Number of protein chains: 2
Amino acid sequence: MEELDQTDRRILRALRRDGRLSNTKLAEEVGLSTTPCWNRVRALEERGVIEGYTALLNQQALGLPDTVIIEVTLERHDDDMLVRFGEALAGLPEVMEAYLLTGEYDYLIKVAVAGTAGYEEFLRRKLYKLPGIRHSRSTFVLRCLKRAHSVEP
Amino acid sequence: MEELDQTDRRILRALRRDGRLSNTKLAEEVGLSTTPCWNRVRALEERGVIEGYTALLNQQALGLPDTVIIEVTLERHDDDMLVRFGEALAGLPEVMEAYLLTGEYDYLIKVAVAGTAGYEEFLRRKLYKLPGIRHSRSTFVLRCLKRAHSVEP
DNA sequence: GTTGAAAATGCTCGACG
DNA sequence: CGTCGAGCATTTTCAAC
């Protein structure tokens with residue numbers, strides 16, 4: 001995989017800040033003319049450096065103002081179990097992020113809910129319906145201090 | 001704050017999937033003509049439902065393929081300490097997310113690093129330079145199962 | 001909310017340092 | 001590799017309905 005030069009990184013920074021920048025404005029911002037700028041953007045997309053573009057939506061406005069971190073361990077750890085459980089987690093719309101981990105717990109998930117009532121409902125109606133959970137541990141988020149949607153170029 | 005009707009939600013879903021959709025294509029997709037579609041999008045932006053647009057960048061391509069979850073507790077918990085520590089965390093470029101928590105640990109942060117070497121360097125050069133840490137606990141992410149950048153409309 | 005047309009913008013491609 | 005410039009397509013914008 002090829003290296004990213006300083007110009008590529010400036011393009012990425014600009015598009016991370018505003019994913020809707022037109023090629024014209026982007027070129028101006030990074031100090032290039034439109035043609036090479038457009039070629040670079042297309043190359044970055046095709047190489048998978050840019051995975052896509054998305055609108056950032058406000059959780060609160062969508063009725064799910066609270067965030068809970070839930071760590072989960074399974075009863076068994078055969079391949080089949082891990083795959084099925086992971087897929088089931090990813091399928092739940094309340095689950096915003098889900099990771100398979102090293103260490104004490106098998107999974108860490110970040111869930112959007114509406115208060116403790118929404119949290120309880122999620123546990124009972126969704127998470128605890130999944131088979132194979134040995135133990136889970138929940139932590140409410142009091143405040144979000146930072147939430148970047150990509151690593152900084 | 002006003003409610004979101006089904007059309008608003010369809011607009012949000014489309015823009016979450018592709019943040020660069022033109023108003024024309026968006027209108028077509030949600031079954032509206034361009035004018036009311038554009039009015040709705042602008043209203044959603046002004047109400048803060050849409051917080052912005054961003055390009056999604058590949059961590060691996062940027063040289064930070066690994067993710068570590070670090071939980072931190074502080075020695076003291078006065079207001080000043082909490083605020084300063086939170087700001088310091090948010091300022092570190094490796095830190096992708098940072099939350100103030102209830103429960104056993106005060107903070108949870110998600111950090112992008114390059115392998116164990118990058119992780120050690122982050123700890124020694126960045127995190128452990130911050131004053132006031134009593135204890136921390138790190139967990140490597142083996143695999144990302146889901147990573148939504150906004151809650152589902 | 002719809003339609004349609006004018007105006008502006010941005011994209012794409014050539015030739016050329 | 002980069003710039004410049006012009007034709008072409010889209011899109012935005014703003015009427016009237």
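A quick note: this is a predicted structure, and the numbers were derived from the prediction, not measured. In the text below, chain A, chain B and the rest are named by the order of the sequence lines, each starting its count at 1.
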Which nucleotide in dT12(C), dG1(C), dG10(C) has an atom nearest any side-chain atom of P36(B):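 Given the options dT12(C), dG1(C), dG10(C), the side chain of P36(B) is closest to dG1(C).
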
Counterpart residues, ring-ring contact (aromatic ring centres under 6.0 Å, His included), relative to F122(A) (two or more places apart):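 ring-ring contact (aromatic ring centres under 6.0 Å, His included) list for F122(A), sorted by chain: empty.
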
Side-chain ion pair, E120(B) and R124(B), N-O less than 4.0 Å: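 Looking at R124(B) together with E120(B), the answer is yes, because their closest N to O distance falls below 4.0 Å.
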
Sequence neighbours excluded, every pair satisfying side chain to side chain donor-acceptor pair (under 3.5 Å) that has a member inside residues 63-74 of chain B: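 Matches after skipping sequence neighbours: Q59(B)-T67(B), E71(B)-R137(B).
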
Minimum heavy-atom distance K146(B)-P93(A), with the two atoms named: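 So the minimum-distance heavy-atom pair works out to NZ-CA, 4.2 Å.
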
Phosphate contact (dT9(C) OP1 or OP2) by S22(A) side-chain N/O below 4.0 Å: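 No, because none of the side-chain N or O atoms of S22(A) sits under 4.0 Å from OP1 or OP2 of dT9(C).
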
Plane angle bin for F85(A) and Y107(A) - parallel if under 30°, tilted between 30 and 60°, otherwise perpendicular: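 Rings of Y107(A) and F85(A): tilted, as their planes differ by 30° to 60°.
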
Parallel, tilted or perpendicular: rings of H149(A) and H149(B) (30°, 60°):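 The rings of H149(B) and H149(A) sit tilted, inter-plane angle from 30° to 60°.
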
How many whole angstroms separate atom [atom1] of [X] from atom [atom2] of [N]?
X	N	atom1	atom2	answer
L26(A)	dT12(C)	CG	P	14 Å
N23(B)	dT3(C)	CG	C1'	15 Å
L21(B)	dG10(C)	CG	P	18 Å
E28(A)	dT9(C)	CD	P	13 Å
W38(B)	dT2(C)	CH2	P	17 Å

Sugar-phosphate, base or nothing in reach of R40(B), heavy atoms under 4.0 Å: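 Sugar-phosphate contact only - R40(B) comes under 4.0 Å of backbone atoms but never of a base.
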
5'-most by nearest nucleotide on DNA chain C - T35(A) or K25(A):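 Going by which nucleotide is closer to the 5' end, it is K25(A).
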
5'-most by nearest nucleotide on DNA chain C - T7(B) or R20(B):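 Checking each residue's closest nucleotide, the 5'-ward one belongs to T7(B).
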
Outermost nucleotides of DNA chain D that come under 4.0 Å of a non-hydrogen atom of chain A: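 First and last nucleotides in contact are dG2(D) to dC4(D).
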
